Protein chains: 2
Amino acid sequence: MPHDGAVDVPWLDRTQLAAWVRVAALLEVLPSTLDSQLRRDADVTLFEYFVLAMLSEAPGRGLRMSDLAAQTSATLPRLSHVVKRMESRGLVERRPDPDDRRATVAVLTDGGMARIEQAAPGHVRAVRAHVVDILTPEQLSQLTAIADALLRHLDTSGGMAAMYRRYDDDDAADDADDPSSGNDIRA
Amino acid sequence: MPHDGAVDVPWLDRTQLAAWVRVAALLEVLPSTLDSQLRRDADVTLFEYFVLAMLSEAPGRGLRMSDLAAQTSATLPRLSHVVKRMESRGLVERRPDPDDRRATVAVLTDGGMARIEQAAPGHVRAVRAHVVDILTPEQLSQLTAIADALLRHLDTSGGMAAMYRRYDDDDAADDADDPSSGNDIRA
DNA sequence: ACCCATAAGTTGTCTCTACAACCATCCATG
DNA sequence: CATGGATGGTTGTAGAGACAACTTATGGGT
């Protein structure tokens with residue numbers, strides 16, 4: 001534990017506990033549900049799907065590893081391993097960045113593009129079936145606000161904020177502490 | 001699906017996409033955040049914490065594997081592996097169920113009890129810091145309702161439905177949105 | 001009493017993730 | 001124009017999850 005000793009711990013009350021228990025269960029169940037759907041239908045994991053999705057929308061179908069990591073909420077080591085596997089399956093290519101020889105650019109191949117186009121309908125259907133269509137429009141917008149608040153707080157280091165913020169309706173989002181100036185907000 | 005027998009391309013509109021992208025990011029970030037906090041502080045994963053929590057509140061500090069699996073939203077194979085590892089670390093014990101010789105009862109050891117008591121304060125602090133205290137009370141109750149709706153749907157449509165069929169002493173097969181459900185984390 | 005379908009767990013294997021150590025490059029400064 | 005610190009990525013390894021195959025036990029039907 002970080003610090004302090006026998007200080008009174010702020011326990012959760014019933015209401016808070018009810019919320020947390022459900023959220024925790026959801027964190028456990030939802031990813032694996034979507035994961036296995038994608039795996040069966042298109043032989044990609046949910047995370048790989050996001051990698052494909054981000055690349056498919058990037059200019060030139062390519063992104064530097066660190067930008068891609070930020071947009072997919074992943075650590076760089078994890079992304080590196082994943083991209084390597086995806087490369088061996090012909091979904092992406094890695095090439096050195098001419099501008100910065102430390103950097104690597106991951107580029108979507110035609111096969112990768114075909115794969116996400118094949119995977120998308122089923123995935124969207126699953127997201128609808130398990131999430132979007134279950135909630136009322138009002139609940140959906142509540143959920144957006146809630147997730148947004150949580151993410152903003154978790155993102156002390158910033159960076160991945162750009163990923164979801166570009167999917168905003170009209171710009172309802174302006175975060176002053178966004179240091180990701182090197183990122184792309186074009187779209 | 002809901003209405004409009006459109007089997008074609010049920011794409012998400014901007015609002016829905018905004019919600020889903022945030023939820024997906026949250027699904028990626030929150031578990032690993034809480035996981036690594038628990039690991040550093042008490043050398044248990046989030047999932048193991050839940051196992052300990054469920055057992056610590058069970059009568060006799062023990063539960064059958066399938067009941068434990070249901071309460072932790074896990075599959076039986078996964079739970080079996082986890083419990084085996086936890087047993088090797090002295091946190092739980094496994095003993096055959098005298099009533100049903102197919103069944104195994106996982107029982108919390110004194111060491112396991114000590115471990116969760118050691119882990120709880122830091123974990124609760126983390127849950128507060130990253131989730132509960134970030135949201136308004138109103139948002140928290142909205143979140144409860146939302147998660148509840150999603151879980152109810154996932155449970156009945158998911159593959160683990162079979163595993164929930166068996167509730168012996170506690171027929172809460174349908175505990176709906178009752179916030180005072182018997183599901184407690186140690187808190 | 002005997003089958004056979006089903007339930008409860010376990011195990012094996014392969015994939016994926018986390019963490020830390022590591023190498024290479026860039027760049028600001030003297 | 002060397003050099004120390006930061007930045008961008010990769011890799012090794014060990015731990016954790018997914019899935020399928022398997023074992024043992026239960027229970028209902030005939």
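Remember, predicted model here, so these are calculated numbers, not experimental data.
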Rounded to the nearest 0.5 Å, what separation is found between the [atom1] atom of [X] and the [atom2] atom of [Y]?
X      : Y      : atom1 : atom2 : result
A:I116 : A:L55  : CD1   : CG    : 8.5 Å
B:L91  : B:R85  : CG    : CZ    : 12.5 Å
A:T136 : A:E138 : OG1   : CD    : 5.5 Å

Please write out the pairs of protein N or O atoms and N or O atoms of nucleotides 2-10 of chain D separated by less than 3.5 Å, giving the distance to one decimal.
| unit_1 | atom_1 | unit_2 | atom_2 | d |
| --- | --- | --- | --- | --- |
| D:dT7 | O2 | A:R102 | NH1 | 2.8 |
| D:dG9 | OP1 | A:M65 | N | 3.4 |
| D:dG9 | OP1 | A:T104 | N | 3.2 |
| D:dG9 | OP1 | A:T104 | O | 3.3 |
| D:dG9 | OP2 | A:S66 | N | 2.8 |
| D:dG9 | OP2 | A:S66 | OG | 2.4 |
| D:dG9 | O3' | A:T104 | OG1 | 3.2 |
| D:dT10 | OP1 | A:R94 | NH2 | 3.2 |
| D:dT10 | OP1 | A:T104 | OG1 | 3.4 |
| D:dT10 | OP2 | A:S80 | OG | 3.0 |

Under 4.0 Å between a Lys/Arg side-chain N and an Asp/Glu carboxylate O for [X] and [Y]?
X      : Y      : value
B:E93  : B:R61  : no
B:E48  : B:R89  : yes
B:R152 : B:D148 : yes
A:R95  : A:E87  : no

Expressed in angstrom and rounded to an integer, what is the separation of [X] atom [atom1] from [N] atom [atom2]?
X     : N      : atom1 : atom2 : answer
B:D35 : C:dT17 : CG    : P     : 13 Å
B:F50 : D:dG17 : CZ    : P     : 14 Å
A:L34 : C:dC16 : CG    : C1'   : 17 Å
B:D99 : D:dT24 : CG    : C1'   : 17 Å
A:M86 : C:dT15 : CE    : P     : 16 Å

Task: 5' priority, DNA chain D, between B:R101 and A:E28 [closest heavy atom] - done: A:E28
Task: side-chain N/O B:R78 vs D:dA16 OP1/OP2, d < 4.0 Å - done: no
Task: Quiz item: cation-pi between A:R115 and A:Y49, 6.0 Å / 45° - done: no
- [ ] Please determine, by modelled atom types, if B:D67 and B:Q71 share a side-chain donor-acceptor pair under 3.5 angstrom.
- [x] no
Open item on the list: At a heavy-atom distance below 4.0 Å, what parts of residues 36-47 of chain A sit against DNA chain C?
Closed with: A:R39
- [ ] Would you please determine if the base of C:dT10 is stacked by B:H81, with stacking meaning a centroid separation under 5.5 angstrom and planes under 30 degrees?
- [x] no
